S.K.: 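Have a look at the structure that comes next, please.
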Amino acid sequence: MKYFIDWCNSHNQTQIDRWISEYQESGMIIFNNFGSKEFFDIVYDEASHLLNLEGKRKDLVMEPTGGTPRKYISVGRDSIHDHNGIIPELFRFKTLANLFSLITMTDVYPVDYTPEQYIINRQELAGDTHGWHCDDYEWAFIWIMDAPEPSSGGRIEYIPRVKFDNSSPSKSLDSILRTRETRSRWLPSGTAYLMHASDTLHRVTPLSKNQRRTVVVMTFASKEDNKRGVDHSTMDKLYPKDTATALQKQ
């Protein structure tokens, strides 16, 4: 983890203050060239290997998020964990959660619910997308391994500070999209972002041609998140084996 520690130590208070200001304005902070080139290469090789070995295609419509689609190749948490590589180590590394706590000015913890801890996703076919949703837990950390061309889709679209009504997801989704401005960002390979994802409606736009968008995703929670009951119906549908294993351990 030396490369990552060196990267963290390379930022002065001025940069930290910029991140804090950006997070307070948009509920999202973008890290350019996250973790150094050397560290990125290590994670990239691990993610690529796991996708080739364990990747499973998802092509689903998620009713709990208003009938939005999920079309991508994914590696679930347990397969990543069993590989015992750098991704689980980074998730557990206190320096990462401490950095997020500094920026958000609140305590940030790795999520306890194992299927949510870390996954790898790859969109690669025209039409592949990760449809509109809010997350179950407060923060999502996404590190972009491969980015499509800017004109080929795969952009982040998001609306911060929403109140999504889980009891009526389709109506809630329609209302938010009709009444709120949608922000859009294209981010290159090597970029990472931390999003306050529980109250930010967000999606990855469909690819318009065969291109790769590969991401490593980690979930972080507040202390209250880790204590309260959460509806895991979305994860149950996406990763049934991982959620069944988690249920057996309870």
Side-chain angles (χ1 to χ4, degrees), residues 1-24 26-47 50 75-121 135-145 187 190-200 215-228 230 232 235 239 242 245-246 249-250:
M1 303 297 285
K2 177 183 182 301
Y3 293 125
F4 180 66
I5 295 171
D6 290 345
W7 179 84
C8 287
N9 291 337
S10 69
H11 299 101
N12 57 29
Q13 189 58 47
T14 300
Q15 178 60 74
I16 298 294
D17 289 342
R18 286 198 203 99
W19 283 337
I20 292 172
S21 178
E22 183 178 348
Y23 178 79
Q24 289 177 340
S26 66
M28 186 171 82
I29 173 66
I30 294 171
F31 304 99
N32 296 314
N33 301 312
F34 178 84
S36 82
K37 178 63 166 61
E38 295 86 352
F39 191 55
F40 171 83
D41 288 343
I42 295 169
V43 177
Y44 184 94
D45 288 346
E46 182 173 312
L50 283 164
V75 182
R77 180 267 183 193
D78 288 352
S79 294
I80 302 170
H81 176 268
D82 293 345
H83 182 72
N84 196 30
I86 195 70
I87 294 171
E89 186 178 352
L90 177 61
F91 175 76
R92 296 189 301 265
F93 198 49
K94 289 184 178 180
T95 302
L96 183 62
N98 289 344
L99 175 65
F100 296 161
S101 296
L102 190 65
I103 293 168
T104 62
M105 296 192 294
T106 190
D107 292 333
V108 175
Y109 301 90
V111 71
D112 286 344
Y113 183 64
T114 54
E116 293 267 16
Q117 290 179 339
Y118 37 81
I119 58 174
I120 304 167
N121 287 341
D135 287 8
D136 295 329
Y137 295 93
E138 287 217 34
W139 295 282
F141 170 70
I142 298 93
W143 194 357
I144 300 173
M145 301 285 109
L187 298 176
T191 307
Y193 57 99
L194 177 72
M195 175 183 287
H196 194 267
S198 62
D199 70 356
T200 300
V215 293
V216 174
V217 182
M218 298 181 180
T219 299
F220 291 84
S222 66
K223 186 178 293 186
E224 292 73 22
D225 278 341
N226 277 332
K227 289 180 178 179
R228 68 183 173 89
V230 172
H232 299 299
M235 291 298 290
Y239 304 100
D242 290 9
T245 300
K249 292 179 179 179
Q250 291 180 354

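Along the sequence shown, residues carry numbers from 1. Not measured: the values here are computed from a predicted model.
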S.K.: Working note: D41 + K37, criterion side chain to side chain contact (heavy atoms under 4.5 Å, CB included); need CA distance, chi angles, decisive distance, verdict.
M.R.: CA-CA 6 Å; D41 288 343; K37 178 63 166 61; 2.9 Å; yes

S.K.: Using every non-hydrogen atom in the two residues, find where F39 and G35 come nearest and quote the distance to one decimal.
M.R.: CB-O, 2.8 Å

S.K.: Show the nearest heavy-atom pair for residues I30 and E22, with the distance to one decimal.
M.R.: N-OE2, 3.5 Å

S.K.: For the residue pair I119 and N121, what are the closest heavy atoms and their distance?
M.R.: CD1-ND2, 3.8 Å

S.K.: Can you find a pair of side-chain heavy atoms, one from L102 and one from N98, that are under 4.5 Å apart?
M.R.: no

S.K.: What residues form a side-chain hydrogen bond (donor to acceptor under 3.5 Å, both in side chains) with D17, not counting sequence neighbours?
M.R.: Q13

S.K.: Working to the nearest 0.5 angstrom, can you tell me the gap between C8 SG and F93 CZ?
M.R.: 7.5 Å

S.K.: Would you check, one step at a time, whether the test side chain to side chain contact (heavy atoms under 4.5 Å, CB included) holds for S198 with W139?
M.R.: CA-CA 7 Å; S198 62; W139 295 282; over 6 Å; no

S.K.: Under 3.5 Å, which donor-acceptor pairs link side chains of residues 80-89 to any protein atom two or more places apart or in another chain?
M.R.:
none

S.K.: To the closest 0.5 Å, what do you measure between CD1 (I5) and OG1 (T95)?
M.R.: 5.5 Å

S.K.: Taking atom CD1 of I16 and atom NE2 of H11, what is their separation to the nearest 0.5 Å?
M.R.: 7.5 Å

S.K.: Over all heavy atoms of both residues, which pair between P110 and N226 is shortest? Give the atoms and the distance, please.
M.R.: O-ND2, 3.5 Å

S.K.: Has D242 got a side-chain atom pairing as donor or acceptor with T245's backbone, closer than 3.5 angstrom?
M.R.: no

S.K.: Do F4 and L90 have side chains that get closer than 4.5 Å, going by heavy atoms?
M.R.: yes

S.K.: Any side-chain heavy-atom pair from E116 and Y137 closer than 4.5 angstrom?
M.R.: yes

S.K.: Does the side chain of V216 come within less than 4.5 Å of V43's, by heavy atoms?
M.R.: yes

S.K.: Would a 4.5 Å heavy-atom cut-off, applied to side chains only, mark F91 and L96 as touching?
M.R.: no

S.K.: How close do P115 and M235 get, counting heavy atoms only, and between which atoms?
M.R.: O-CE, 3.1 Å

S.K.: Taking atom NE2 of H232 and atom OH of Y113, what is their separation to the nearest 0.5 Å?
M.R.: 4.5 Å

S.K.: Of the options Y193, W19, W143, which is the one that meets F31 in a ring-ring contact (aromatic ring centres under 6.0 Å, His included)?
M.R.: W19

S.K.: CD1 of I120 to CE of M218: how many Å apart, nearest 0.5 Å?
M.R.: 9.0 Å

S.K.: Would you say that V230 contacts D225 through its side chain, given a criterion of any heavy-atom pair below 4.5 Å between the two side chains?
M.R.: no

S.K.: How long is the straight-line distance from OG of S101 back to NZ of K94, given to the nearest 0.5 Å?
M.R.: 12.0 Å

S.K.: Verify the ring-centre separation between F100 and F141: is it less than 6.0 angstrom?
M.R.: yes

S.K.: K223 and Y109: side chain to side chain contact (heavy atoms under 4.5 Å, CB included), yes or no, with the steps?
M.R.: CA-CA 7 Å; K223 186 178 293 186; Y109 301 90; 3.3 Å; yes

S.K.: Side-chain contact test, heavy atoms from C-beta onward, threshold under 4.5 Å: evaluate it for E38 versus I42 and give yes or no.
M.R.: no

S.K.: Go through the steps for F220 and V111 under the test side chain to side chain contact (heavy atoms under 4.5 Å, CB included), then give the verdict.
M.R.: CA-CA 5 Å; F220 291 84; V111 71; over 6 Å; no

S.K.: Any side-chain heavy-atom pair from F34 and T191 closer than 4.5 angstrom?
M.R.: no

S.K.: I'd like to know if the side chain of T200 reaches the main chain of H196, judged simply by a donor and an acceptor atom lying under 3.5 Å from each other, with no hydrogens or angles considered.
M.R.: yes

